[in-house]
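Read through the structure below, which is laid out as structure tokens, and then see the notes.
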Amino acid sequence: FLYLLPADAAQAWSAERNLRYSWFCGPEVSWSSWLQGVVLDTPAALAVDSSCHQRDARLVLFDASLEQWLPGSSGGLGVDTYSIETECMSATMAPSVFREWEVSQFKGLADALLSAGIGVLACQKLVDPWLSDYLRQRGVSVLSRLSLRHVEHVQRLSGATRVTSLASLPERWEEVCGVIGPIERRTVCERTYTVLGCPARGSSPGA
């Protein structure tokens, strides 16, 4: 690395005094690469059909948890969550029955996303395994446990509007989704990363 030191006003600039050269040991330069897009080091469950990764896709961005179907779980006091749990307990609902109800809610959400042509679901928190598998089998990639930094970068890249609660889901997903480019997995130093490419020029959520 070459860098310049500021010259003294009383002395003329010279290479011996003001030019410094530093070197560092590390991976070979051939390992380095320049990528356009967002690089994620968080869990990614890509669509089973690999051809879905090779084109622009609509993306929906959640910063509410999709681990359980509790509409109030992301909002302050969680009154809705308490009400749902109390109602289930008072009705002596078996765990399996509650799970069937929960899966039916997730299925309704997934079918709505599929109808809107969503190709990627990105979530700041955890995603229910059933929902993730259901979407993957139908060509939707699921990105979970994104950090706040990742969420901001994905939002800037895609233009998506964050969905903040299961209690107020949008009626038209086309109005909140964004667009990203192809998705690629890369392994560097035995760690796997997911690369979200930039969308093609002219791409829009309604296209």
Side-chain angles (χ1 to χ4, degrees), residues 33-69 71 73-74 105-187 191-207:
S33 58
W34 179 74
L35 303 170
Q36 281 190 319
V38 176
V39 180
L40 304 175
D41 57 356
T42 50
L46 301 188
V48 174
D49 182 1
S50 59
S51 65
C52 299
H53 315 155
Q54 302 169 9
R55 56 179 181 267
D56 287 0
R58 288 181 175 179
L59 175 143
V60 63
L61 182 60
F62 282 84
D63 67 3
S65 175
L66 293 176
E67 183 182 13
Q68 294 178 300
W69 191 273
S73 60
S74 61
Q105 303 303 306
F106 279 131
K107 185 177 185 301
L109 171 62
D111 291 341
L113 297 178
L114 293 170
S115 297
I118 302 298
V120 179
L121 184 151
C123 184
Q124 182 188 346
K125 301 179 182 179
L126 294 172
V127 177
D128 182 88
W130 184 93
L131 175 61
S132 178
D133 187 63
Y134 185 84
L135 290 173
R136 287 183 62 241
Q137 296 295 332
R138 289 157 179 78
V140 179
S141 296
V142 178
L143 313 174
S144 61
R145 297 177 61 187
L146 303 183
S147 67
L148 289 175
R149 174 173 53 87
H150 289 148
V151 169
E152 292 174 1
H153 292 331
V154 171
Q155 187 172 20
R156 258 203 322 257
L157 175 70
S158 65
T161 300
R162 301 185 199 186
V163 179
T164 59
S165 173
L166 291 176
S168 56
L169 295 175
E171 295 182 3
R172 290 179 49 82
W173 290 98
E174 296 85 351
E175 296 177 355
V176 299
C177 71
V179 178
I180 62 168
I183 301 178
E184 178 185 1
R185 267 188 175 155
R186 291 201 178 192
T187 301
R191 290 193 62 183
T192 301
Y193 298 87
T194 304
V195 181
L196 310 183
C198 295
R201 292 186 177 180
S203 295
S204 64

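All residue numbers in this chain count up from 1 along the given sequence.
Contact between R55 and S51 at its shortest, heavy atoms only, is NH1-O, 3.0 Å. Taking every heavy atom of both residues into account, A45 and R136 meet most closely at CB-CD, 3.2 Å. Annotation for R58 and C177: closest pair CD-SG, 4.0 Å, computed over non-hydrogen atoms. The two residues G37 and C198 have their closest heavy-atom pair at N-SG, 3.7 Å. Scanning both residues, R138 and L114, for their nearest heavy atoms gives CD-CD1, 3.6 Å. Across every non-hydrogen atom of G119 and A57, the tightest pair is CA-CB, 4.2 Å.
Between the side chain of S141 and the backbone N or O of A47 there is at least one donor-acceptor pair closer than 3.5 Å. Of the possible polar contacts, one joining the R185 side chain to the A44 backbone as a donor-acceptor pair under 3.5 Å is found. In this structure a side-chain-to-backbone donor-acceptor pair under 3.5 Å is present from S158 to V154. Without hydrogens or angle criteria, D56 side chain to A200 main chain gives a donor-acceptor distance under 3.5 Å.
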For this session: Please step through side-chain contact (heavy atoms from CB on, under 4.5 Å) for the pair V151 and L61, ending with a clear verdict.
Result: CA-CA 8 Å; V151 169; L61 182 60; 4.0 Å; yes
For this session: Go through the steps for D41 and T194 under the test side-chain contact (heavy atoms from CB on, under 4.5 Å), then give the verdict.
Result: CA-CA 7 Å; D41 57 356; T194 304; over 6 Å; no
For this session: Under the side-chain contact (heavy atoms from CB on, under 4.5 Å) rule, what do I183 and V120 come out as? Steps first, then yes or no, please.
Result: CA-CA 10 Å; I183 301 178; V120 179; 3.6 Å; yes
For this session: Start with the C-alpha distance between C123 and L121, add both sets of side-chain angles, then the distance that settles side-chain contact (heavy atoms from CB on, under 4.5 Å), and finish with yes or no.
Result: CA-CA 7 Å; C123 184; L121 184 151; 4.1 Å; yes
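Within the 4.5 Å cutoff, side-chain heavy atoms of L196 are placed close to those of L40. Side-chain contact between R162 and Q155: present, with at least one pair of heavy atoms (C-beta onward) separated by less than 4.5 Å. Contact check for T187 versus Y193: no side-chain heavy atoms found under the 4.5 Å cut-off. In this structure the side chain of L59 never reaches within 4.5 angstrom of the side chain of V179, judged on heavy atoms. Using a 4.5 Å heavy-atom threshold, the side chains of V60 and L113 count as touching.
Checked against side-chain hydrogen bond (donor to acceptor under 3.5 Å, both in side chains), Q105 has no partners two or more places apart in sequence or in another chain. Residues meeting the side-chain hydrogen bond (donor to acceptor under 3.5 Å, both in side chains) test with D111, sequence neighbours left out: K107, Y134. For E152, the salt bridge (Lys or Arg N to Asp or Glu O under 4.0 Å) test picks out no residue, with sequence neighbours left out. Qualifying side-chain hydrogen bond (donor to acceptor under 3.5 Å, both in side chains) partners for R156, counting only residues two or more places apart in sequence or in other chains: H153. Taking the salt bridge (Lys or Arg N to Asp or Glu O under 4.0 Å) definition, one finds that E184 meets it with R186, sequence neighbours left out. Taking S147 as the reference, H150 meet the side-chain hydrogen bond (donor to acceptor under 3.5 Å, both in side chains) condition, with sequence neighbours excluded.
Taken to the nearest 0.5 Å, the CG atom of L66 stands 8.5 Å off from the CG atom of D128. Going from atom OG of S132 over to atom CD of E67 covers 12.5 Å, rounded to the nearest 0.5 Å. Put simply, CG on L126 and CG on L131 are 12.0 Å apart, with the number rounded to the nearest 0.5 Å. Atom OG1 of T42 sits about 7.0 Å away from atom CG of L143, to the nearest 0.5 Å. Annotation: the span from S165 atom OG to F62 atom CZ amounts to 10.0 Å, rounded to 0.5 Å. Note: L166 CG to L109 CG = 7.0 Å, rounded to the nearest 0.5 Å.
In summary, the side chains of Q124 and R145 do not present any donor paired with an acceptor at a separation below 3.5 Å, with no hydrogens or angles considered.
Aromatic ring pairs are classed by plane angle as parallel below 30°, tilted from 30° to 60° and perpendicular above 60°; the pair W69 and F106 is perpendicular.
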